**Student:** 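This is the structure I have questions about; it appears just below.
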Amino acid sequence: MQSDNEIRDQLATEVSQDYLAYILSQNIQNSISNSQPDNETRQKSQPLSPKEKDILKAGGARFTDADGHGSEEISRRQIQQLQNEVRDIIEQALTLDEVAQRLSASKEAVLGLLANTPPGLYTFKTPSGVLLFPRWQFTEEATLPHLQIILQNLGPGVNLLTLNRFMTTENGDLLLGNRCLSPRDWLASGHDPSEVEILARDISG
């Protein structure tokens with residue numbers, strides 16, 4: 001039987017462009033296909049496909065270099081970076097079994113948190129359909145304080161990458177002495193959640 005770490009390592013290898021499009025689909029036009037990868041190899045000299053362009057737009061990439069000229073090679077490298085970012089999230093995420101153990105709850109109770117409105121946890125599915133929970137939303141023995149309130153303030157267009165970056169990146173508006181904290185660390189330290197609520201609404205537009 002595979003360990004949770006082995007499962008994550010295997011799941012991380014499954015991240016394809018099609019899965020990346022799926023992860024970013026809340027911000028991508030309906031023209032993006034959610035079908036399985038066709039494993040077709042494209043020559044670098046060919047122009048970016050509409051799917052590749054939509055992936056890059058949803059991931060926050062730009063299509064021009066410093067001189068204002070487009071670069072297919074740079075753009076494809078950016079897609080690879082987005083795929084690697086998703087792989088990192090998968091490798092750090094918790095499985096349903098791990099979440100149940102951490103919260104000292106049954107798996108049914110954990111799934112019940114997902115059914116709440118707003119949800120009590122944030123989750124996503126891997127290419128093979130395995131449910132994973134980003135690690136940033138947990139402390140050692142519980143969920144992140146005020147997590148449900150923060151999730152309530154997020155708009156439907158916020159995808160996995162955007163939310164992960166937001167929660168784990170130091171923010172200049174969250175100052176503790178001379179240090180900037182990430183929203184995750186700010187909440188975990190017991191500070192006023194309203195500051196993070198405001199920031200969460202800002203990334204929803």
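Note that this is a predicted model, so its numbers are computed, not measured. We use all heavy atoms of the structure for the numbers below, so side chains are in, but hydrogens, waters and symmetry mates are not.
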**Student:** Could you tell me if the side chain of D9 sits less than 4.5 Å from the side chain of E91, heavy atoms only?
**Tutor:** yes

**Student:** Look up atom CG in L161 and atom CZ in F124, then write down how far apart they are to the nearest 0.5 Å.
**Tutor:** 9.5 Å

**Student:** Roughly how far, to the nearest 0.5 Å, is the CD1 atom of I23 from the CG atom of L160?
**Tutor:** 5.0 Å

**Student:** Establish, from distance only, whether the side-chain atoms of S194 and D192 form a donor-acceptor pair under 3.5 Å.
**Tutor:** yes

**Student:** Using only atom types and a distance under 3.5 Å, with no angle test, would you say the side chain of R87 pairs donor to acceptor with the backbone of V15?
**Tutor:** yes

**Student:** So do the side chains of T143 and L121 get within less than 4.5 Å of each other, counting heavy atoms only?
**Tutor:** yes

**Student:** Is it the case that the side chains of N84 and Q80 hold a donor-acceptor pair, with the cut-off being a distance below 3.5 Å and no angle test?
**Tutor:** yes

**Student:** Is it true that the side chains of E14 and T126 contain a donor and an acceptor less than 3.5 Å apart?
**Tutor:** no

**Student:** If you apply the rule side chain to side chain contact (heavy atoms under 4.5 Å, CB included), what do you find for Q17 with Q83, and how did you get there?
**Tutor:** CA-CA 7 Å; Q17 280 194 17; Q83 287 177 294; 4.1 Å; yes

**Student:** State the CG-CD1 distance between L154 and I149, to the nearest 0.5 angstrom.
**Tutor:** 12.5 Å

**Student:** Please check this pair: side chain of E6 against backbone of S3, looking for a donor-acceptor N/O pair closer than 3.5 Å.
**Tutor:** yes

**Student:** Any donor-acceptor pair under 3.5 Å linking the side chain of T123 with the backbone of L132?
**Tutor:** yes

**Student:** So, for A188 and P145, which heavy atoms are closest and what is the spacing to 0.1 Å?
**Tutor:** CA-CD, 4.3 Å

**Student:** I'd like to know if V158 and I198 are part of one continuous hydrophobic network [Ile/Leu/Val/Met/Phe/Trp/Tyr, side-chain heavy atoms within less than 4.5 Å].
**Tutor:** no

**Student:** Are L176 and L199 grouped together when hydrophobic residues (ILVMFWY) are joined by side-chain heavy atoms under 4.5 angstrom apart?
**Tutor:** yes

**Student:** So, taking the atom named CD in Q10 and the one named CD in Q2, what distance separates them when rounded to the nearest 0.5 Å?
**Tutor:** 6.5 Å

**Student:** Dump the intermediate steps for side chain to side chain contact (heavy atoms under 4.5 Å, CB included) on F133 and T95, then the final yes or no.
**Tutor:** CA-CA 6 Å; F133 300 76; T95 64; over 6 Å; no

**Student:** Output yes when a side-chain donor or acceptor of T169 lies under 3.5 Å from a complementary backbone atom of F166, and no otherwise.
**Tutor:** no

**Student:** Working to the nearest 0.5 angstrom, can you tell me the gap between L11 CG and I7 CD1?
**Tutor:** 7.0 Å

**Student:** With distance as the sole test, does R184 use its side chain to make a donor-acceptor pair with the main-chain N or O of F138 at under 3.5 Å?
**Tutor:** yes

**Student:** Would you sort out whether K107 and V110 count as a side chain to side chain contact (heavy atoms under 4.5 Å, CB included), showing the intermediate values?
**Tutor:** CA-CA 5 Å; K107 290 188 285 187; V110 173; 5.5 Å; no

**Student:** Can you tell if the side chain of L131 reaches within under 4.5 Å of the side chain of L114, non-hydrogen atoms only?
**Tutor:** yes

**Student:** Taking the side chain as every heavy atom from C-beta outward, state whether L111 and S106 have any atom pair closer than 4.5 Å.
**Tutor:** no

**Student:** Looking at E195 and L174, would you say the former's side chain and the latter's main chain have a donor-acceptor pair under 3.5 Å?
**Tutor:** no

**Student:** Are side-chain heavy atoms of W136 and L163 found at a separation under 4.5 Å?
**Tutor:** yes

**Student:** Within the side chain of R135, is there an N or O that forms a donor-acceptor pair under 3.5 Å with the backbone of Q92?
**Tutor:** yes

**Student:** Is the closest side-chain heavy-atom distance between L103 and E141 below 4.5 Å?
**Tutor:** no

**Student:** Once you round to the nearest 0.5 Å, how far does CG of L144 lie from CD1 of I150?
**Tutor:** 8.0 Å

**Student:** Are W186 and D173 close enough, and set up right, to give a side chain to side chain contact (heavy atoms under 4.5 Å, CB included), and what steps lead you there?
**Tutor:** CA-CA 11 Å; W186 178 270; D173 291 322; over 6 Å; no

**Student:** Has the side chain of T168 got a donor or acceptor atom that lies under 3.5 Å from a matching backbone atom of N164?
**Tutor:** yes

**Student:** So, E85 and R165, do they make that salt bridge, N to O below 4.0 Å?
**Tutor:** yes

**Student:** Between R8 and E98, is the closest basic N to carboxylate O distance under 4.0 Å?
**Tutor:** yes

**Student:** For Q101, does the CD atom have more than 12 heavy-atom neighbours from other residues, nucleotides or ligands under 6.0 Å away?
**Tutor:** no

